[in-house]
Amino acid sequence: MGGWQESPALLPPGTYFMSGNEACAEGALAAGCRFYAGYPITPSSEIMVHMAQRLPELGGNFMQMEDELGSIAAVIGAAWGGLKAMTATSGPGISLMLENIGYAIMTETPCVIVDVQRAGPSTGQASRPAQGDIMQARWGTHGGVDLIALAPWSVQEMYELTIRAFNLAERFRVPVFLLADEIVGHLHETVTIPPAVRTFERLRWPQEMPFDTPEPDGVPPMPAFGEGAYLLVTGSTHDGRGYRRTTDAAVQDRLMRRLSAKIRRHQDEIDDWEEYSLEDAERVLVACGSAARSALWAVQQARRQGRPVGLLRLKSLWPFPDEVVASRCGGRREIIVPEMNLGQLAGEVRRAAGVPVTSLTQVDGEPIDPRRILAYLLEEVW
Amino acid sequence: MAASSTVPPASLLRQAYLRQSTAFCPGCGHGIFMNAFLRAAAALPLDFDRTVFVSGIGCGAWVPSPHFLADTLHVTHGRAMAFAAGVQRARPDLNIVVISGDGDLATIGGNHLIHAARRQTPIKVFCLNNWLFGMTGGQVSATTPREARTATTPAGNPDPPFDLVRLVLGAGAPFAARWPVSLPRQLARGIEHALREPGFAFVEVLSICPTHFGRINEPLFPAGEAPQSIPWRMLEWLRRQCIEREKAAALSPEERAGKILIGEWRGEECWP
């Protein structure tokens, strides 16, 4: 039971005009999401509003919770009830969810967390875009074990990568971040809905152990409540059957390493990126999300003026696509990373590629003006 | 309660419903609650195969997990009610029971508790109130009595405690009860009543923590004629302090002063 299958997209196939947040909600529904719990926050609220309307039509469950701690808690509870489940928020809400995101990692609970990033620490600028949560998504919860994060740059990708986020969550039993931002969340664009989508359905019990596997794949099948599994689900260190082993060094070591290895070992399945004019590029831009839209325009304009520049656009951010970045960035004259934070992506690119990186940062709550990037490519001013 | 007479003794109940022996301190009130709960579960009966037990962090949370032979969800500190709400919505066909402590449900998790009561989510909640944080070494909680000493109120607790029954009734709970572990039969019957409720039901279980509360507050629990252990003295104190609400109604304010009302309350009678 379970595994990859073709599922009909719920909307009739065709071209639609919608916002990124609506496309995200429709992608979730097409992926099989039947539970949503959330708390209102700009600039993500349209996802929740859309789910509140659509889920009851599909026999699903919608809950507006008392806060973000409760939202992710309810999502995890529903996932153990057997449903595909999601929440959406922005940075302040992610900050509140982080402890339970660690719980989801530890209990290997599949779920999708959409972060429509906004500007600034704390309340910051609620309706302004930023990319300041890249490191928070990866390192925010304590313990430092891997998870998965994807970065959409368009309304079309808000649809497609939300589906992918669910598939990866169910495939690897891990929380998956969709690291969107205010621009792609509120942008209205055309979206093509295909006749069918590929979904991954949870591998079900019965197996001997719900929390370990001797298989090299590293991902144990997942029972649900009410199936006679007598589940011991706990965020404390546990053995393969769920019994707490909170002073056992070997169990803790095996658990930590397997939780990360089940992601890292399958990096080929997760890595996702696009390349533009890279073949002969002497200078390469590396960007993600809406900053990559500005970067692409600048690359196209610079090319028209005969400049050998290219763009590597990362669609998956965690686990960081080290080999993709290293192989595309090695031997170039300059690597340039434009982003809406103080250099989070640049630092990862520098680490992965092992080359000097020019970090172009903008943190004023405005989209990066593509002309700024072009000016850098032509005249090296920022 | 004719059914109660057919319930097997505690040792057999534990064989039937538990995975392993418990790790509670000698004299802990939670073991009395566990026996009373299993007695109620056997009397109903409560089908453990169709029940999910949700608990947070702390000694009370250890009653169901890892002990009960059922599906258990042992979650982050304070969030049991929110996790349980998600499970309940996903699986309305299952019984959802939350068993956790006063630190977990009423201190760090108070917001989730009152909202679950307001929504009247069909969850049965048992809050094991031992008046402080036991697992972390006896720190003050939202239910520590005023003036009581704890590890973090060495000069006595300056703050008044929550009345948990009034809290959840005020939040909209249709059913709330309070029973002490010093009256195990009434407690078992009260648990049975709560489990029979169709909607949200909350039971404050007055438990005891001799290790952390009893030793540091020993003068509160005077010995009787013969020297007795601290757990015994705490149970005696609870028995003296608790008075059924129906009986309390006949007492003068002076006679009622300092007493703890026990019994069952319905939301509609509190808010006419």
Side-chain angles (χ1 to χ4, degrees), chain A residues 34-37 39 55 60-85 87 96-104 106-107 109 111 141 210 223-236 238-239 241-246, chain B residues 17-20 23 47-58 61-62 64-98 108-119 121 123 135 171:
Chain A
R34 290 299 178 269
F35 185 92
Y36 184 100
Y39 185 85
L55 272 170
N61 290 278
F62 173 86
M63 296 187 86
Q64 181 168 326
M65 294 297 287
E66 51 271 15
D67 56 30
E68 286 89 344
L69 299 91
S71 301
I72 183 71
V75 161
I76 296 168
W80 281 100
L83 299 183
K84 292 186 181 179
T87 187
L96 291 180
M97 290 182 184
L98 283 167
E99 186 193 11
N100 281 340
I101 291 171
Y103 182 88
M106 193 62 152
T107 54
T109 307
C111 56
T141 196
F225 290 142
E227 293 178 347
Y230 298 132
L231 277 164
L232 281 170
V233 185
T234 177
S236 300
H238 47 272
D239 63 19
R241 293 178 303 150
Y243 283 90
R244 303 215 262 290
R245 296 285 181 262
T246 56
Chain B
Y17 287 108
L18 301 192
R19 300 170 195 258
Q20 61 186 60
D47 184 357
F48 267 36
D49 284 0
R50 307 290 300 164
T51 304
V52 180
F53 292 94
V54 186
S55 63
I57 296 296
W62 278 64
S65 172
H67 299 114
F68 284 3
L69 193 55
D71 286 327
T72 59
L73 184 62
H74 174 245
V75 304
T76 48
H77 193 26
R79 316 301 161 204
M81 295 305 304
F83 277 87
V87 178
Q88 195 281 326
R89 284 292 291 272
R91 293 300 301 269
D93 56 315
L94 301 178
N95 308 305
I96 314 296
V97 178
V98 171
I108 187 173
N111 199 36
H112 305 300
L113 178 64
I114 58 174
H115 283 279
R118 171 180 64 83
R119 284 191 288 261
T121 313
I123 298 173
M135 191 166 274

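Keep in mind it's a predicted model, so treat the numbers as computed, not measured. All chains are named by letter (A, B, ...) in the order of the sequence lines, taking the proteins before the strands, and each is independently numbered beginning at 1.
- Counting heavy atoms from C-beta on, the side chains of Tyr230(A) and Arg19(B) come closer than 4.5 Å.
- Residue Tyr39(A) qualifies as open at atom OH: its count of foreign heavy atoms under 6.0 Å is 12 or below.
- The candidate from His112(B), Met81(B), Arg79(B), His77(B) with the greatest count of non-hydrogen atom pairs under 4.5 Å with chain A is His112(B).
- For a residue to count as touching a neighbouring chain, one of its non-hydrogen atoms must lie under 4.5 Å from one of that chain's; by this rule Tyr243(A) touches chain B with the side chain only.
- A salt bridge is absent between Arg91(B) and Glu227(A); no separation between the charged side-chain nitrogens and carboxylate oxygens falls under 4.0 Å.
- Counting heavy atoms from C-beta on, the side chains of Asp239(A) and Arg244(A) never come closer than 4.5 Å.
- When each of Thr51(B), Asp71(B), Ile57(B), Val87(B) is scored by its heavy-atom pairs under 4.5 Å with chain A, the top score falls to Asp71(B).
- The most heavy-atom pairs under 4.5 Å with chain B, out of Met65(A), His238(A), Arg34(A), come from Met65(A).
- Residue contact with chain A, scored on non-hydrogen atoms closer than 4.5 Å, is absent for Gln88(B).
- Nearest approach of Met106(A) to Ser236(A), heavy atoms of both residues: CE-C, 4.2 Å.
- Heavy-atom pairs under 4.5 Å with chain B peak, among Leu83(A), Asp67(A), Asn61(A), Ile76(A), at Asn61(A).
- For a residue to count as touching a neighbouring chain, one of its non-hydrogen atoms must lie under 4.5 Å from one of that chain's; by this rule Arg119(B) touches chain A with the side chain only.
- The heavy-atom pair separating Asn95(B) from Asp47(B) by the smallest distance is ND2-O, 4.0 Å.
- Annotation: maximal heavy-atom pairing with chain A below 4.5 Å, among Leu69(B), Thr72(B), Asp93(B), occurs at Thr72(B).
- Partner of Phe83(B) under the side-chain contact (heavy atoms from CB on, under 4.5 Å) criterion, out of Val52(B), Val54(B), Ile96(B): Val54(B) alone.
- You'll find the side chain of Gln20(B) reaches within 4.5 Å of the side chain of His67(B), heavy atoms only.
- A 4.5 Å side-chain heavy-atom check between Leu231(A) and Pro223(A) finds at least one atom pair inside the cut-off.
- Between chain A and the residues Trp62(B), Phe48(B), Phe53(B), the most heavy-atom pairs under 4.5 angstrom are made by Trp62(B).
- Among Ala79(A), Ala85(A), Gly226(A), the residue with the largest count of heavy-atom pairs under 4.5 Å with chain B is Gly226(A).
- Only the side chain of Arg50(B) comes within contact range of chain A, with heavy atoms under 4.5 Å apart.
- The contact between Leu232(A) and chain B is made by backbone and side chain atoms together, counting heavy-atom distances below 4.5 Å.
- Contacts between Leu94(B) and chain A at a heavy-atom distance below 4.5 Å involve the side chain alone, from C-beta outward.
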